[in-house]
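Structure record follows, encoded as structure tokens.
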Amino acid sequence: MLTKRIIPCLDIRDGRTVKGVNFENIRDAGDPVELGALYAQQGADELVFLDITATIEKRKTLRELVNRIAHHINIPFTVGGGISSVDDVSLLLQNGADKISVNTSAFKRPELVKELAREFGSQCVVLAIDTKQEEDGEWYVYLNGGRIPTGRKTEEWAKEAVGLGAGEILLTSMNHDGTKKGFAIDITKKLSISLPVPIIASGGGGTMEHFAEIFGAGHADAALAASIFHFKEIAIPELKGYLQGKNIPVRV
Amino acid sequence: MDLLFKVFLKCLLKGLYFNGITSMRVVIIKYNAGNIQSVLYALERIGIQAIVTDDHELICSADKVIFPGVGEASTAMRYLEERNLDTLIRDLKQPVLGICLGMQLMCRSSEENDTECLGIFGTEVKKFAPSAVQVAGGLKVPQIGWNTIYDLRTDLFKGINDQSYCYFVHGYYAALGEHTIATTDYVHPYSSGLHKANFYGVQFHPEKSAAVGERILTNFCQGIDG
């Protein structure tokens with residue numbers, strides 16, 4: 001049986017793992033390759049590396065980092081952050097990335113999703129969406145790490161991107177991110193039951209119950225979290241044991 | 001490829017062989033599919049030096065050949081045909097391991113853009129077509145993630161327990177048949193491993209399947225006789 005995936009996320013800045021709360025207040029959490037290898041050993045199903053470095057040297061440092069990760073890690077990993085062309089992706093895949101995630105650049109130029117899917121296949125194109133529920137109760141797309149509102153409804157953009165060839169959706173709720181009060185169940189469920197591609201829920205996972213909820217009521221195919229793993233609040237083997245006890249299929 | 005580089009590669013291979021640094025020459029076939037580098041790195045992690053090449057002579061003289069890949073069947077087949085790699089692969093005598101798209105291309109045909117494939121395995125490759133009930137139950141296409149393999153046969157799976165987890169990413173599958181050496185359930189049971197004579201194929205990605213995958217790659221490179 002296909003299992004639900006647990007995905008630790010490593011936010012990278014200048015080669016170190018960092019973690020913010022509600023997209024702000026960045027703290028240091030260690031060497032990303034060491035951390036990634038540790039998670040793989042503990043039974044993480046995949047890893048996501050998001051590069052938030054904003055320097056001119058970025059392309060080179062990211063390429064070197066991806067190469068180092070690929071040499072040390074025996075599970076699939078996704079790389080994201082500032083990717084905006086076929087050439088960017090080609091370079092990362094050549095260095096051993098399995099998938100790439102695109103966010104702002106894809107929203108600004110949706111053709112990018114199509115180009116990437118045609119060139120590398122949908123299986124390697126993850127569309128990341130930062131979403132926020134506003135006072136009208138609707139979920140909207142935000143850009144640039146959650147700083148810029150677009151006014152576009154999340155469901156519409158997700159559907160369009162899947163039509164263009166996105167193979168998975170990494171959905172981060174800004175209302176929930178960093179709060180540890182649970183994932184965004186309603187929007188995750190909406191996307192998961194209406195779209196033919198896997199949905200990775202992100203933002204808000206704080207307890208093992210939250211993971212059971214997002215896989216159960218939220219219909220998520222995978223759940224992503226960062227600080228609870230980095231700061232050892234939840235260990236992956238325990239989390240998987242707990243989910244197994246709840247009859248949620250996981251790889252143990 | 002640049003001639004000098006070719007000569008260098010050949011010298012390197014022969015050098016390694018004759019110096020006895022490694023007794024096994026493993027070649028990964030280079031073509032227009034993704035994920036090839038990952039296989040090279042996975043082999044490095046388990047201490048096996050391989051080279052990635054499309055040079056006919058290097059491929060033919062290798063002890064083991066790996067034919068990996070992620071991508072689209074008709075584009076990949078066209079690329080192989082244009083470079084006569086189709087005939088070359090079909091005629092290989094040493095153990096060959098197809099991975100994911102590589103395995104599917106070793107079958108007779110694929111529904112993916114109605115492609116005639118290499119025909120090594122008589123199997124047809126079809127698209128997963130879950131029923132409305134299965135879709136409502138959460139079965140998505142492509143299958144992405146960890147699933148189990150069972151009913152394991154041949155030394156490729158030596159030391160691997162039934163129901164071990166492997167990592168899959170695919171929207172098309174090879175049906176069960178006489179060549180099946182591993183089975184996985186998604187939508188219905190299908191072949192996650194195939195074998196005929198010196199040809200082996202796996203639908204999952206051993207290079208991304210943690211310790212289980214590493215054991216399978218080790219088995220292929222070191223445990224299967226040519």
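Lettering follows sequence order; numbering is per chain, from 1.
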Need one label for [X]: side chain, backbone, both or neither, based on atoms under 4.5 Å from any heavy atom in chain A.
| X | answer |
| --- | --- |
| B:E72 | neither |
| B:A136 | neither |
| B:A42 | neither |

List the atom of [X], the atom of [Y], and the distance in Å for their closest heavy-atom pair.
| X | Y | value |
| --- | --- | --- |
| A:N95 | B:Y41 | O-CE1, 3.4 Å |
| B:Q37 | A:Q94 | CG-O, 3.0 Å |
| A:G96 | B:S38 | O-OG, 3.8 Å |

Subject >> Main-chain N/O of B:K208 paired with A:N74 side-chain donor or acceptor, under 3.5 Å >> reply: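 Not at all, since once roles are kept as given, no pair shorter than 3.5 Å links the two residues.
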
Subject >> Donor-acceptor pair, side chain of B:K140 and main chain of A:V197, under 3.5 angstrom >> reply: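 Checking the backbone N and O of A:V197 against the side chain of B:K140, a donor-acceptor pair under 3.5 Å is found.
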
Answer with side chain, backbone, both or neither: which region of [X] has an atom nearer than 4.5 Å to a non-hydrogen atom of chain B?
| X | answer |
| --- | --- |
| A:I75 | both |
| A:S90 | neither |
| A:Q41 | neither |
| A:R5 | side chain |
| A:I199 | both |

**OP:** Apply the test side-chain contact (heavy atoms from CB on, under 4.5 Å) to residues B:R45 and A:H71: give CA-CA distance (whole Å), side-chain angles for both, the deciding distance (0.1 Å), then the verdict.
**Re:** CA-CA 7 Å; B:R45 283 196 303 270; A:H71 276 94; 5.7 Å; no

Subject >> chain A neighbours within residues 98-116 of chain B, where any heavy atom lies under 4.5 Å away >> reply: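 So no residue qualifies.
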
Original post:
So how far is it from A:T3 OG1 to B:W146 CH2, rounded to the nearest 0.5 Å?
Top reply: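 Here the interatomic distance stands at 8.5 Å.
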
Subject >> From A:M1 atom CE to B:Y165 atom OH, the distance as rounded to the nearest 0.5 Å >> reply: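 Reported value, rounded in 0.5 Å steps: 9.0 Å.
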
Original post:
So with a 6.0 Å cut-off around NE2 of A:H219, is the heavy-atom count from everything else above 12?
Top reply: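 Atom NE2 in A:H219 is crowded, with more than 12 foreign heavy atoms closer than 6.0 Å.
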
**OP:** Kindly check if the number of other-residue, nucleotide or ligand heavy atoms within 6.0 Å of NZ (A:K246) is above 12?
**Re:**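 No - once you tally the heavy atoms of other residues, nucleotides and ligands closer than 6.0 Å, there are 12 at most.
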
Subject >> Heavy-atom pair count under 4.5 Å with chain A, highest-scoring of B:V39, B:T148, B:D185, B:I144 >> reply: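 Looking at each of B:V39, B:T148, B:D185, B:I144 in turn, B:I144 comes out on top.
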
**OP:** With a 4.5 Å cut-off on heavy-atom pairs, point out which of A:G121, A:A70, A:S122 contacts chain B the most.
**Re:**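 So the answer, after comparing A:G121, A:A70, A:S122, is A:A70.
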
**OP:** Apply side-chain hydrogen bond (donor to acceptor under 3.5 Å, both in side chains) to B:Y167 and A:D45, showing your working.
**Re:** CA-CA 9 Å; B:Y167 187 79; A:D45 297 305; over 6 Å; no

Subject >> CA sep, side-chain torsions, deciding dist, call: B:E207, A:D98, side-chain contact (heavy atoms from CB on, under 4.5 Å) >> reply: CA-CA 11 Å; B:E207 74 279 12; A:D98 297 292; over 6 Å; no

Subject >> Check against side-chain contact (heavy atoms from CB on, under 4.5 Å), B:V169 and A:Q123 >> reply: CA-CA 7 Å; B:V169 181; A:Q123 83 290 330; 3.2 Å; yes

